[in-house]
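Proteins come first, then strands; the chains are lettered A, B, ... in the order of their sequence lines, and each starts at number 1.
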Number of protein chains: 2
Amino acid sequence: MTLLDETNGRILTLLQQNARLTHAQIAREVGLTAPSVAERIRKLEDAGIIERYTATLNPQKLGYTLKAFIHLTCPASRYRAVQEWAQNKKEVREVYHVLGQVSLMLDVQARSIEDLEKLVQELSTFGTTETTLVFSTLMHQNMW
Amino acid sequence: MTLLDETNGRILTLLQQNARLTHAQIAREVGLTAPSVAERIRKLEDAGIIERYTATLNPQKLGYTLKAFIHLTCPASRYRAVQEWAQNKKEVREVYHVLGQVSLMLDVQARSIEDLEKLVQELSTFGTTETTLVFSTLMHQNMW
DNA sequence: GGTGAAATCTTCCTGGT
DNA sequence: ACCAGGAAGATTTCACC
């Protein structure tokens, strides 16, 4: 068996849709037994294809009503400082190092416009920022 | 009990770190019994705070060696067409509707530069594009 | 790689405080 | 809201193909 055959593809799709499915439930879907599904999943984990299992929370319900991307242009020597600053901010979801004039891109969420303003102000100490506010997410796709 | 007390916060943190933890394991961590943890999780799900449980796959291991954001400026009347196009593309992870001159922002992955070029070319039929290639992800933060 | 069966653990349900 | 106990079901391990 190759690690990315049809059956494992279906297992990956199922686990992306619901990571708490039991091996028995998955086994029924793909036409195998539970131990055999468990073995396949273990190999996918060992190979690093499955990185982790995570619960996705609803930002709105936690008070984060705004989502934005902040492009930060700053010297590479400040990257570490930005990263350390970001570590303590629940508002910062991800920090990307990107190619081009803009050097860092931050995926952020905020509880209010004032909250967002504060983030941008603090980031301004590192370099120049450009903020793109998100209206809505039109689509989300699974990986497999 | 309020739905977002200290205990539920810890449960949410644990489930974000590993969505496949058993109720018994979580119960040991937070000092409760399994049925009581199960009840709390059920309420968090019902309230929509927990949206879903998902397996996170490693894009690299699936052949997606490139990550990029594509900003697409196009008339609002084309949004639906873009969305339909994106639906059939495994390369497109998310589509955001954003404020400003740029109207849509696509989070994409590609297997090669040629693959990325093809995406950009196809998107060009909807409007003007600007692509930001991602070097690396410096940080990822949990929500709670 | 896969199965089937036994031992162990988890979950689900009920009833009690 | 939480706990305890028991039934039902899931996981894990192992011998076998």
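The phosphate of C:dT3 has OP1 or OP2 within less than 4.0 Å of a side-chain N or O from A:Thr33. Contact between the side-chain N/O atoms of B:Arg40 and the OP1/OP2 oxygens of D:dC2 is found at a separation under 4.0 Å. Residue A:Ser36 has a polar side-chain atom (N or O) positioned under 4.0 Å from OP1 or OP2 of C:dT3. Contact annotation: A:Arg42 side-chain N/O to D:dT11 OP1/OP2 distance is not under 4.0 Å.
The side chain of B:Lys43 has D:dA1 as its nearest neighbour among D:dT11, C:dG2, D:dA1. Taking every side-chain heavy atom of A:His23 into account, D:dT11 is the closest of D:dC3, D:dT11, D:dT13. Of the candidates C:dT10, C:dC13, D:dC2, the closest approach to any side-chain atom of B:Ala24 belongs to C:dT10.
Along DNA chain D, the nucleotide nearest A:Thr22 and the nucleotide nearest B:Pro35 are compared for position; the residue whose nucleotide lies closer to the 5' end is B:Pro35. The residue among B:Thr7 and B:Arg20 whose nearest nucleotide of DNA chain D lies closer to the 5′ end is B:Thr7.
Of the possible polar contacts, none joining the A:Asp107 side chain to the A:Phe69 backbone as a donor-acceptor pair under 3.5 Å is found.
What you find for B:Met139 and A:Gln83 is that their closest heavy atoms are SD-O, 4.5 Å.
Taking the charged nitrogens against the carboxylate oxygens, A:Glu114 and A:Lys118 have no contact shorter than 4.0 Å, which rules out a salt bridge.
A cation-pi arrangement, defined by a distance under 6.0 Å to the six-membered ring centre and an angle within 45 degrees of its axis, is absent between A:Arg78 and A:Phe126.
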